[in-house]
Amino acid sequence: MKKNIIAGFAAILLLASCNKDKEILDTLNTYNNSMEAKGYHFGDKLQLPKEVTENAESVTISFGDKETTDLTIDPKFFTLGDNAVTFNIKTKGGEVLNQDATINVFAKNPEKNIAYQIVAEYPHDPKNFVQGFQADGNTIYESDGQNGSSQILKYTLGTTTPLASTKQAPEDFSEGSTIVGDKVYQLTWQSKKGYIYDKSSLKLLSEFAYPNVLGEGWGLTYDGKNLIASDGSKLLYFLDPKDPSKLIKYIAVAGSSQAYDQLNELEYHNGFLYANVWQKPIILKINPTTGEVVGTFDFTEIAKQNTKGSDDVLNGIAFKGENMLVTGKNWPKIYEVVIK
């Protein structure tokens, strides 16, 4: 009889412990869900519920291969945008509880809506599926995508006749491109390699493999020191132009209330990065040091005039002096705009 009483008492204690563990995890889940949409800023402290802190001997957060006991949103640990983390709680009762969560980190300052005015329009070959786009004086360098018809070409702004062009292999899908000195660098979508051309003749000089972290090739630009590539995620990768297989660093991109991914065609100008968001009529102005979006251009009206389907979207950013040139995949026009 005594054994039954002891067993019953143990079962009650176990049930109480299980219920307490469930309360801790449920409370933590409610907190994390409420904060996921609101987000954090760098320097913020996670204010975990008392149900968690009063019953925990320790709380750590693991993110990838890193783990911290500091509940402050530290840029050394977190990135802008979404961070898939795991909370690890050691209770005072000796249990170890784990819960996955998403911590969103946003920029502190709201993005500015940047005004512009169209001052000129130029013809653009509507057969060109624009993937990379840059201006050098009055010459446009363009990476034209699609399997079986990909190429790099250049032409004089105001015309559509190529001055030079080089075709890619049928299995390659051309992506972003940029000018570095007397060379043009070009990415491919899924071939995991890029090409380097002579800027004058567009003769192929060499090719390079991507660093492993770069899943696909999307956009490409040059900041005067490093190549900067996108792969369709929220990340921008800084590569060594002397050895583009070498990753220097990466940054994540976010605004004050949302993370941005699908970052595509890129351009660097006067200390800022510009990126279009694939299948959206907007261009972001990004601080290349922090990844914070400081401004947005809304090209909805221009896109409406040129977008007939799901593929012919805004995708082309270049600068002609201080004016921006904008075009898209299979668009018949290039627009020159003054930034106000």
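Side-chain atoms are counted along with the backbone in the values below, which use heavy atoms only and exclude waters and symmetry mates.
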(request) Please test I152 against S177 for side chain to side chain contact (heavy atoms under 4.5 Å, CB included), starting from the C-alpha separation and ending with a verdict. (result) CA-CA 9 Å; I152 188 81; S177 59; 4.0 Å; yes
(message) If you apply the rule salt bridge (charged side-chain N to carboxylate O under 4.0 Å, His left out), what do you find for E95 with K90, and how did you get there?
(response) CA-CA 6 Å; E95 298 293 326; K90 184 177 180 181; over 6 Å; no
Are the side chain of [X] and the backbone of [Y] linked by a donor-acceptor contact shorter than 3.5 Å?
X	Y	answer
N264	N276	no
T296	N113	no
N306	A303	no
S150	S174	yes

(request) Quickly, which of Q131, E175, E207, Q168 forms a side-chain hydrogen bond (donor to acceptor under 3.5 Å, both in side chains) with Q186? Name it, please. (result)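 So, applying the side-chain hydrogen bond (donor to acceptor under 3.5 Å, both in side chains) to Q186 and each of Q131, E175, E207, Q168, only Q168 qualifies.
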(message) What verdict does the side chain to side chain donor-acceptor pair (under 3.5 Å) test give for E171 and S191, after you've listed the backbone C-alpha separation in whole Å, the side-chain angles of each residue and the deciding distance to 0.1 Å?
(response) CA-CA 8 Å; E171 64 271 17; S191 297; over 6 Å; no
Min side-chain heavy-atom separation [X]-[Y] under 4.5 Å:
X	Y	answer
L46	Y40	yes
T27	N29	no
Y197	Y185	no
N270	E322	yes
K333	E121	yes
V253	L236	yes
I24	I89	yes
Y122	L325	yes

Quick one: do the [X] and [Y] side chains pair a donor with an acceptor below 3.5 Å?
X	Y	value
T91	N55	no
D70	T68	no
S201	D198	yes
S233	D261	no
E265	N315	no
N226	D240	no
Y210	D231	no

(request) List in chain and number order the residues that pass salt bridge (Lys or Arg N to Asp or Glu O under 4.0 Å) with D44, two or more places apart in sequence or in another chain; answer none if no residue qualifies. (result) none
(message) Taking salt bridge (Lys or Arg N to Asp or Glu O under 4.0 Å) as the definition, give me every residue that meets it alongside D82, ordered by chain and number, with sequence neighbours left out.
(response)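 For D82, the residues satisfying salt bridge (Lys or Arg N to Asp or Glu O under 4.0 Å) (neighbours in sequence not counted) are K234.
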(request) Identify whether NZ of Lys or CZ of Arg in K249 sits under 6.0 Å from the centre of the six-membered ring of F238 and within 45° of that ring's axis. (result)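 Yes, K249 and F238 form such a contact.
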According to a 4.5 Å side-chain heavy-atom criterion applied to Ile, Leu, Val, Met, Phe, Trp and Tyr, with indirect links allowed, do [X] and [Y] form part of one hydrophobic cluster?
X	Y	value
I103	Y31	yes
I251	L214	no
F77	F42	yes
I317	F297	yes
L187	Y268	no

Which distance, rounded to the nearest 0.5 Å, do you find between the [atom1] of [X] and the [atom2] of [Y]?
X	Y	atom1	atom2	answer
K199	K183	NZ	NZ	11.5 Å
Y335	I118	OH	CD1	6.5 Å
T166	K154	OG1	NZ	10.0 Å
H124	T159	NE2	OG1	11.0 Å
T178	Y141	OG1	OH	11.5 Å
N128	N330	CG	CG	8.0 Å

(request) Report the C-alpha distance between T86 and D100 in whole Å, list the side-chain angles of each, state the deciding distance to 0.1 Å, and finish with yes or no for side chain to side chain donor-acceptor pair (under 3.5 Å). (result) CA-CA 4 Å; T86 300; D100 294 335; 2.7 Å; yes
(request) For the pair Y237 and Y250, name the ring-plane relationship: parallel under 30°, tilted 30 to 60°, perpendicular over 60°. (result) tilted
(request) Show your working on side chain to side chain contact (heavy atoms under 4.5 Å, CB included) between I334 and L157 and close with a plain yes or no. (result) CA-CA 9 Å; I334 296 170; L157 183 64; 4.1 Å; yes
(request) Decide if atom CG of N212 counts as having more than 12 heavy atoms of other residues, nucleotides or ligands within a radius under 6.0 Å. (result) no
(message) How about NZ on K203, more than 12 heavy atoms from neighbouring residues, nucleotides or ligands closer than 6.0 Å, or not?
(response) no
Atom pairs and distances, donor-acceptor, side-chain atoms in residues 279-289, under 3.5 Å, two or more places apart:
{"residue": "Q279", "atom": "NE2", "partner": "S310", "partner atom": "O", "Å": "2.9"}
{"residue": "N287", "atom": "OD1", "partner": "T289", "partner atom": "N", "Å": "2.8"}
{"residue": "N287", "atom": "OD1", "partner": "T290", "partner atom": "N", "Å": "3.4"}

(message) Before we go on, tell me: are the rings of Y274 and F319 under 6.0 Å apart, centre to centre?
(response)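 Yes, they do, as the ring centres are separated by less than 6.0 Å.
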(request) Check the pair D298, T300 against side chain to side chain donor-acceptor pair (under 3.5 Å), reporting the backbone distance first and the verdict last. (result) CA-CA 6 Å; D298 185 347; T300 299; 2.4 Å; yes
(message) As a quick check of understanding, evaluate side chain to side chain contact (heavy atoms under 4.5 Å, CB included) for L247 and L239, giving each step before the final call.
(response) CA-CA 5 Å; L247 176 70; L239 312 177; 4.0 Å; yes
(message) One thing to verify: whether K225 and D223 come together as a salt bridge, which I'm taking to mean a side-chain N less than 4.0 angstrom from a carboxylate O.
(response)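 Result for this pair is no, no salt bridge flagged.
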(message) With a 4.0 Å cut-off on N to O distance, would you call D26 and K22 a salt bridge?
(response)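 Salt bridge flag = yes for K22 with D26.
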(message) salt bridge (charged side-chain N to carboxylate O under 4.0 Å, His left out) for D74 and K76? Distances and angles first, verdict last.
(response) CA-CA 5 Å; D74 188 336; K76 294 178 181 178; 5.5 Å; no
(request) Run the numbers on M324 and E336 for side chain to side chain contact (heavy atoms under 4.5 Å, CB included), then give the verdict. (result) CA-CA 6 Å; M324 181 186 285; E336 180 178 349; over 6 Å; no
(request) Test L220 against every option in V180, L227, I228 by the side chain to side chain contact (heavy atoms under 4.5 Å, CB included) rule and name the one that passes. (result)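 Considering V180, L227, I228, a side chain to side chain contact (heavy atoms under 4.5 Å, CB included) with L220 is found only for L227.
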(request) Dump the intermediate steps for side chain to side chain donor-acceptor pair (under 3.5 Å) on E67 and T60, then the final yes or no. (result) CA-CA 7 Å; E67 188 170 9; T60 66; 2.6 Å; yes
